[in-house]
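Inspection log for the structure reproduced underneath, given as structure tokens.
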2 protein chains.
Amino acid sequence: MQAAERRARKTEMKREAILRSAAAAFRRKGYHGTSMEDISEALLMTKGSLYYYFKDKEEILYACHDFSLDRVLERMRQVLADGKGDNAETRLRALVQGFVDVMIDDLQGSALALDFTALKPELLARIIAKRDQFERGMRGVITEGVKSGEFKRTDAKLATLAILGAINWIGKWYRPDGPFNAAEIGKTYSDLFVNGLRAK
Amino acid sequence: MQAAERRARKTEMKREAILRSAAAAFRRKGYHGTSMEDISEALLMTKGSLYYYFKDKEEILYACHDFSLDRVLERMRQVLADGKGDNAETRLRALVQGFVDVMIDDLQGSALALDFTALKPELLARIIAKRDQFERGMRGVITEGVKSGEFKRTDAKLATLAILGAINWIGKWYRPDGPFNAAEIGKTYSDLFVNGLRAK
DNA sequence: TTGACTTTTGAACGATTGTTTGAATACTAA
DNA sequence: TTAGTATTCAAACAATCGTTCAAAAGTCAA
């Protein structure tokens with residue numbers, strides 16, 4: 001009876017395909033600017049079929065956010081675990097590079113840039129909780145560096161927001177056939193921010 | 001016959017009030033997520049009245065962008081003119097601080113963050129031209145600093161995008177009643193970026 | 001007050017959109 | 001093949017939205 005399992009996996013793959021199509025459309029035209037038909041057309045389906053996989057349009061938006069944040073958080077945990085003994089500079093550098101990589105290669109720039117104002121309070125709260133978790137992780141590394149004297153005294157929250165903003169903005173201008181790849185962007189960005197924070 | 005002039009000025013003020021209301025709504029809910037009624041309600045008008053001042057919704061979005069970009073460009077010209085003899089570091093610092101100020105105090109965070117994908121090609125092209133003009137201004141200062149040896153060798157375009165991204169992102173989290181004001185944010189951001197670019 | 005004008009209104013329109021539903025089709029176990 | 005389940009479709013729905021327009025209300029010089 002492993003056929004049921006195969007079917008379940010196939011359904012799961014279709015769900016993810018819908019999410020990819022939706023995320024791409026949301027990124028280009030915004031949540032309200034994207035119709036259910038926009039999402040289904042790209043997959044050669046009719047819009048009605050989407051309701052077999054998702055309750056409504058809002059659930060698709062929620063799933064997009066949740067999926068993206070899980071990828072980003074997963075990478076953060078991995079980076080922080082791998083760099084356990086390293087100094088703040090090395091950890092921050094790995095964090096920035098990792099975030100840029102996930103952003104460009106896995107999420108095509110959508111990560112935290114989609115409008116989440118369209119979510120109802122309950123779903124919004126869950127997304128914000130995950131987003132805050134990521135923000136705290138990065139702020140923790142910066143605070144660490146300030147305390148150890150590696151980084152100059154600065155407001156860790158503002159510095160975190162600056163870094164996250166710069167990276168989240170990548171989705172607005174990045175083009176896969178453009179002049180930069182994820183590695184270059186990550187290198188330049190992490191250089192800029194790490195040097196910017198370093199004590200003299 | 002100066003009454004005609006007074007009337008004209010009053011009409012102009014109403015146009016700007018509509019733009020402010022529209023920009024606030026666009027920022028919170030996106031262009032497609034904002035209805036003409038959302039815009040007019042906040043001004044105690046009916047949506048039909050908006051068409052006395054603007055041809056259609058798209059023209060309102062265009063005017064929002066154009067207004068914001070004019071403010072930003074105006075500040076940039078002023079900063080670059082005032083700092084004529086200064087070194088790249090001082091000029092970049094003033095540019096970042098000026099952009100943050102305009103962004104927060106004049107534009108309540110909307111500057112370049114509104115969806116311009118909703119504009120038809122002709123209008124879009126004009127907005128992009130102005131946005132590029134600003135981008136070139138900032139890139140110019142960075143390139144200058146790299147050439148003079150003040151800044152370390154780095155990709156000026158990527159550095160510019162990082163800085164603009166961080167500042168444009170401010171509108172996503174800034175709250176007037178929050179813990180930071182424009183001066184603090186500008187100081188922290190300009191420190192971060194100027195130090196990040198400086199040659200050792 | 002009159003009369004020419006600017007501005008606002010409120011209702012109506014056509015189009016689009018998210019969602020529902022019942023029938024049609026594809027798939028799979030027996 | 002057949003029966004039962006999973007998936008897709010096409011049509012119809014109610015609601016919302018951008019836009020138009022003729023009439024009403026407001027403004028102000030003469």
Side-chain angles (χ1 to χ4, degrees), chain A residues 1-19 21-26 28-64 114-120 123, chain B residues 1-19 21-26 28-64 114-120 123:
Chain A
M1 188 62 67
Q2 75 203 46
E5 204 176 310
R6 239 208 342 257
R7 239 179 334 181
R9 196 167 316 161
K10 195 177 171 190
T11 303
E12 185 54 34
M13 285 183 59
K14 196 107 193 193
R15 269 182 64 104
E16 289 187 16
I18 292 173
L19 288 186
S21 173
F26 290 160
R28 279 188 302 118
K29 317 205 286 179
Y31 175 70
H32 293 286
T34 299
S35 69
M36 294 297 273
E37 220 152 9
D38 288 335
I39 300 172
S40 64
E41 245 175 15
L43 302 168
L44 305 179
M45 295 164 51
T46 56
K47 60 177 177 172
S49 306
L50 297 178
Y51 290 84
Y52 181 74
Y53 296 94
F54 294 94
K55 185 171 138 286
D56 54 22
K57 192 182 175 189
E58 191 184 2
E59 190 180 279
I60 296 181
L61 178 63
Y62 173 76
C64 282
L114 307 180
D115 351 346
F116 38 70
T117 53
L119 293 173
K120 72 174 82 134
L123 297 181
Chain B
M1 189 60 68
Q2 73 204 43
E5 204 175 309
R6 239 208 340 257
R7 238 177 334 180
R9 197 166 315 161
K10 194 175 170 191
T11 303
E12 186 52 36
M13 284 185 60
K14 196 109 194 192
R15 269 182 64 104
E16 289 189 15
I18 292 173
L19 288 187
S21 173
F26 290 159
R28 279 188 302 118
K29 318 206 287 180
Y31 175 70
H32 292 287
T34 299
S35 69
M36 294 298 272
E37 221 153 6
D38 288 335
I39 299 172
S40 63
E41 245 174 17
L43 300 169
L44 305 179
M45 296 167 44
T46 55
K47 59 178 177 173
S49 307
L50 298 178
Y51 290 84
Y52 181 75
Y53 296 94
F54 293 95
K55 187 171 135 283
D56 53 21
K57 193 182 174 189
E58 189 183 2
E59 190 180 280
I60 295 181
L61 178 63
Y62 173 76
C64 282
L114 306 180
D115 350 345
F116 36 71
T117 54
L119 293 172
K120 72 175 84 136
L123 296 182

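Side chains included, hydrogens not; waters and symmetry mates left out as well; all remaining heavy atoms used. Sequence lines set the chain letters: A, B, ... in the order given, protein chains first and strands last, and positions in each chain run from 1.
Remark: B:Phe116 pairs with B:His65 by the ring-ring contact (aromatic ring centres under 6.0 Å, His included) rule, at least two apart or across chains. The ring-ring contact (aromatic ring centres under 6.0 Å, His included) test applied to B:Tyr62 returns no partner, not counting sequence neighbours.
Separation of atoms SG (A:Cys64) and CD (A:Glu59) is listed at 11.0 Å; rounding is to 0.5 Å. Here CD1 of B:Ile18 is found 8.5 Å from CE of B:Met36. Values are rounded to the nearest 0.5 Å. Atom-to-atom distance recorded for A:Thr11:OG1 and A:Met13:CE is 10.5 Å, nearest 0.5 angstrom.
The CZ-P distance, from A:Phe54 to C:dG18, rounds to 15 Å in whole Å. Separating the CD1 atom of B:Ile18 from the P atom of C:dT7 is a distance of 11 Å, rounded to the nearest angstrom. Whole-Å rounding puts the A:Glu37 CD to D:dA12 C1' distance at 14 Å. The nearest whole Å value for the distance from the CG atom in B:Leu50 to the P atom in C:dT8 is 10 Å. Distance CZ (B:Arg9) to P (C:dT7): 15 Å, rounded to an integer number of Å. What separates CE of B:Met36 from P of D:dT16 is a distance of 18 Å, to the nearest Å. Atom P of nucleotide C:dT17 and atom NZ of A:Lys57 are separated by 9 Å, given to the nearest angstrom. In this structure, OH of B:Tyr53 is placed 19 Å from P of D:dG18, rounded to the nearest angstrom.
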Under 4.0 Å protein heavy-atom contacts per nucleotide of nucleotides 20-27 of chain D, with B for base, S for backbone only and - for none: B-------
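Looking at A:Tyr31, its side chain does come within 3.5 Å of a backbone N or O of A:Glu58 through a donor-acceptor pair. A donor-acceptor contact shorter than 3.5 Å links the side chain of B:Thr34 to the backbone of B:Ala25.
Judged by closest nucleotide on DNA chain D, A:Lys14 is the one of A:Lys14 and B:Tyr31 placed further toward the 5' end.
Closest to the side chain of A:Met45, out of D:dC9, C:dT9, C:dG18, is D:dC9. When distances run from any side-chain atom of B:Tyr52 to the nucleotides D:dT19, C:dT8, D:dA10, the shortest one goes to C:dT8.
At the heavy-atom level, A:Thr34 lies under 4.0 Å from the strands shown only through sugar-phosphate atoms.
The phosphate of D:dA6 has neither OP1 nor OP2 within less than 4.0 Å of any side-chain N or O from A:Thr11.
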